[in-house]
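Okay, structure first, notes after.
Chain letters run A, B, ... following the sequence lines, proteins first, then strands; residues in each count from 1. Just so it is clear, the structure is predicted and the values come from calculations on it, not from any experiment.
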There are 2 protein chains.
Amino acid sequence: MATIHDVAKRAGVSRSTVSYALSGKRTISRETRERIEEAIRDLGFTPNAGARALKTSQTLVIGLFVHFFEDEFSPAMLQYVLPISDAAREAGYDILMVTETDGPKALKRLSSSEMVDGVILLNVAHEDARLPVMRSIRQPGSMVGLPKDTDGFDVFDLDWDESGRVLVDHLAALGHTDIVLVTPREDVAARGGAYSWRLKNAALERAAEHGMRVHLFHGETQQPAVNEQLGAILDAKLGTAMIVHNDAVIAALPSVLHARGVKVPDDLSVVGIFSEEFGRLFNLPYTAVETSPEQLGRRAVRALVQRMTNPEYADPHRVELIAPEIVDRGSTR
Amino acid sequence: MATIHDVAKRAGVSRSTVSYALSGKRTISRETRERIEEAIRDLGFTPNAGARALKTSQTLVIGLFVHFFEDEFSPAMLQYVLPISDAAREAGYDILMVTETDGPKALKRLSSSEMVDGVILLNVAHEDARLPVMRSIRQPGSMVGLPKDTDGFDVFDLDWDESGRVLVDHLAALGHTDIVLVTPREDVAARGGAYSWRLKNAALERAAEHGMRVHLFHGETQQPAVNEQLGAILDAKLGTAMIVHNDAVIAALPSVLHARGVKVPDDLSVVGIFSEEFGRLFNLPYTAVETSPEQLGRRAVRALVQRMTNPEYADPHRVELIAPEIVDRGSTR
DNA sequence: ATCGTCAATCGAACCGATTCGACGAATACA
DNA sequence: TGTATTCGTCGAATCGGTTCGATTGACGAT
């Protein structure tokens, strides 16, 4: 493997000259630079990442912490990972993806061995065990998911409270007074998935203001439980409309509705909350609040890159809750 | 950040002693070792990855190349990524995940900057542009997906030819003579996704031997096209059984069958090819060949680790095609 | 008492980059 | 013509580990 020394020898200059030609931090004569560039091409030289990191304390790697929970619908996670990976590369960073169950330990390991310049946490819980560790390390952190204490991080999330209100308002405006609300499984709330209760509480409160009756269910996540539960809910005919905040349930909804001959929106109005891409993947013809995973992921990367490249950058940490936008797919009336 | 020098000072020994205590490559007295371990704990020391990599030319990182194609069903990919990530970590490796479109370029970059000790390629095409690059680099490579020329790599894949035969035989044994075969989209074959034509050709050949009539379709991948096409196929009533080799189509199948009131297996026998996990996620009650993504991913990691830790390990490269196993879910008769 | 062996430790070199200070040559200024 | 400035380049130090002799002291054998 060619080193900078080989390049220098071939171009007849010193190692430092090659380095300066590469970084442009000092002026190098045109001829010399061209000779160096040729040598680089000939030898197929790329700076050794370890050596560079050692000297500059910069790895150009972002640690991405993804935790796949059994009580969540895994395909949904991918929507966040891909845009993050793409955005990182555009900014010149690679992604070290960590799926370890023991997040805090892994975080400490990557940080203190200086393998990464910064960290992105996905699916952050209300009191996330990774946060204290994050605060103790020197690398900046960006996250998707709103924790209780956001101090020290750039945080991006959908405004789940407002989403709950928007969905309820939408149904209220159409005159519905009896509705079913299907939330994530209880485990999600138990382990601190704040989005689950944020939307729920806001929705319940707003529904109360409207004087609506709400029938609440914690949706299942694994088949065949999903279908059974959903079937039971439909058979009970508890309301004229349904809010579904559960990826697994909404993905299963079309076939279950079909099985029961329930027509949407004639027999039942349905609203959900999922991304456009998710909706297309599962062919979901439901009016829904857009969750914008791509936008969230990209913003998290942008904020992180800002702080990594600019350590003295001392802007207050931002907490951005993006406003829910409802996409009308005609599943309500 | 604490360095080995700080540890040495605090324990009152030289740096080399600390290093040997850590690696165990030379004997260190019990007392000294304990003093060192205490110092390490106190300072929260972890060896700097860059420095270590520089000296040992070992990064303990595996490059994982994933390409998400638009003509494929993305959730299916995740099934390979997660087991690989887990298996790697168990072996002490981290995963650098690359989703770049320009695979060859990224491969060269990671390899020649020595960021990774080895590489795993997912979804390898028949004539994959990444392979020539792989052969030119010094890091070993392992892959999931069978290319035309496997020379120089450890390759793992499902035996798609045999899978095609198994599925046809299964239907033949039940007396079906007219069957529908839904394959991946034509683009998949066009860009070299060998699994698409391997299964198809083997199935067609075997069907011919049985004297069966086969109606062939290239399945769509994106909704709503999937449903439309599937509906049209069902309406045409072309056979008594159906082989579906297309993730998007099979995921959509239950609801489309329902919509048309087609009963499985009474009106139509159905067999597919997907993993147990995929089937559970989408609640697919179909007899199918198991694709074993977890097993494939883990084997790829194991083989790679073998070669990385043992560079002189010169065993012939293995090409393992795992034998298809049909899981009977009662969707045929 | 002497030698060899072994366990425990140290010092120095090295991995491959970056970067600071210095230096010679060319140019500008007075 | 002498001096200051700029340009282009080089040498050496450094980042934080690992590893190869070398060294020291204790012990057993002769």
Side-chain angles (χ1 to χ4, degrees), chain A residues 1-37 39-40 43-61 109-117 138 309 311, chain B residues 1-37 39-40 43-61 109-117 138 309 311:
Chain A
M1 201 107 297
T3 73
I4 199 172
H5 183 251
D6 303 328
V7 175
K9 214 163 40 182
R10 182 175 248 261
V13 296
S14 75
R15 286 156 48 207
S16 48
T17 304
V18 176
S19 180
Y20 284 123
L22 234 37
S23 68
K25 291 191 180 172
R26 283 196 186 175
T27 48
I28 298 287
S29 71
R30 162 185 269 291
E31 310 164 352
T32 311
R33 194 173 346 104
E34 280 169 1
R35 226 163 350 108
I36 291 176
E37 278 161 10
I40 289 179
L43 298 170
F45 166 76
T46 313
N48 179 298
R52 175 175 271 181
L54 176 55
K55 183 61 195 180
T56 63
S57 349
Q58 256 221 48
T59 62
L60 295 182
V61 173
R109 183 170 58 82
L110 291 204
S111 159
S112 94
S113 65
E114 312 221 32
M115 294 183 74
V116 298
D117 292 343
R138 64 162 196 69
T309 50
Chain B
M1 204 108 293
T3 72
I4 201 172
H5 183 251
D6 304 327
V7 175
K9 212 162 45 176
R10 182 177 249 261
V13 296
S14 76
R15 286 156 40 194
S16 49
T17 306
V18 176
S19 181
Y20 284 123
L22 234 36
S23 68
K25 293 191 178 170
R26 284 195 185 177
T27 49
I28 299 288
S29 72
R30 162 186 268 291
E31 311 164 352
T32 310
R33 193 172 347 103
E34 280 170 1
R35 227 165 348 107
I36 290 175
E37 278 161 9
I40 288 178
L43 297 171
F45 166 76
T46 313
N48 179 298
R52 175 174 272 179
L54 177 55
K55 183 62 194 181
T56 63
S57 351
Q58 255 220 49
T59 62
L60 295 181
V61 173
R109 183 170 59 82
L110 290 204
S111 159
S112 93
S113 65
E114 313 222 34
M115 294 182 74
V116 298
D117 292 343
R138 64 163 198 66
T309 52

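The residue Ser19(B) sits close to a base: some heavy atom pair falls under 4.0 Å. Here Thr27(B) lies in heavy-atom contact (under 4.0 Å) with a base.
Proximity of Leu22(A) to Ile40(A): side-chain heavy atoms (C-beta onward) are separated by under 4.5 Å at one or more points.
The 12-atom threshold is exceeded at CZ of Arg138(A), counting heavy atoms of other residues, nucleotides or ligands nearer than 6.0 Å.
OP1 or OP2 of dA8(C) has not a single side-chain nitrogen or oxygen of Thr32(B) nearer than 4.0 Å.
From the 5' end on, the contacts that DNA chain D makes with chain A at under 4.0 Å to a non-hydrogen atom open and close at dC7(D) to dG16(D).
We find that Arg30(A) and Glu34(A) are joined by a salt bridge, their nearest charged nitrogen and carboxylate oxygen being less than 4.0 Å apart.
Contacts of residues 5-17 of chain A with DNA chain C (heavy atom under 4.0 Å): Arg15(A), Ser16(A).
The base of dG21(C) lies close enough to the side chain of Arg26(A) for a donor and an acceptor atom to sit less than 3.5 Å apart. Donor-acceptor pairing under 3.5 Å, judged by distance alone, is absent between the side chain of Tyr20(B) and the base of dC10(C).
Nearer the 5' end of DNA chain C, as judged by each residue's closest nucleotide, is the contact made by Arg33(B), out of Arg33(B) and Ala2(A).
Interatomic distance, CD of Glu31(B) versus CD1 of Ile36(B), reported as 11.5 Å (0.5 Å rounding). Here the straight-line distance linking atom NZ of Lys9(B) with atom OG of Ser14(B) works out to 14.0 Å at 0.5 Å rounding.
Using modelled atom types, no side-chain atom of Thr59(A) and backbone atom of Ala53(A) make a donor-acceptor pair closer than 3.5 Å. Judged by distance alone, the side chain of Arg26(A) and the main-chain N or O of Tyr20(A) form no donor-acceptor pair under 3.5 Å. Within the 3.5 Å criterion, the main-chain N or O of Ala11(A) finds a donor-acceptor partner in the side chain of Arg35(A).
Rounding to whole angstrom units, CG of residue Leu54(A) and P of dA17(C) are separated by 12 Å. Atom P of nucleotide dG11(C) and atom CD1 of Ile4(B) are separated by 14 Å, given to the nearest angstrom. In this entry the distance linking CZ of Arg35(B) with C1' of dT9(C) reads 11 Å, nearest Å. In this entry the distance linking CG of Asn48(B) with C1' of dC15(C) reads 13 Å, nearest Å.
Qualifying side chain to side chain contact (heavy atoms under 4.5 Å, CB included) partners for Ser57(B), counting only residues two or more places apart in sequence or in other chains: none.
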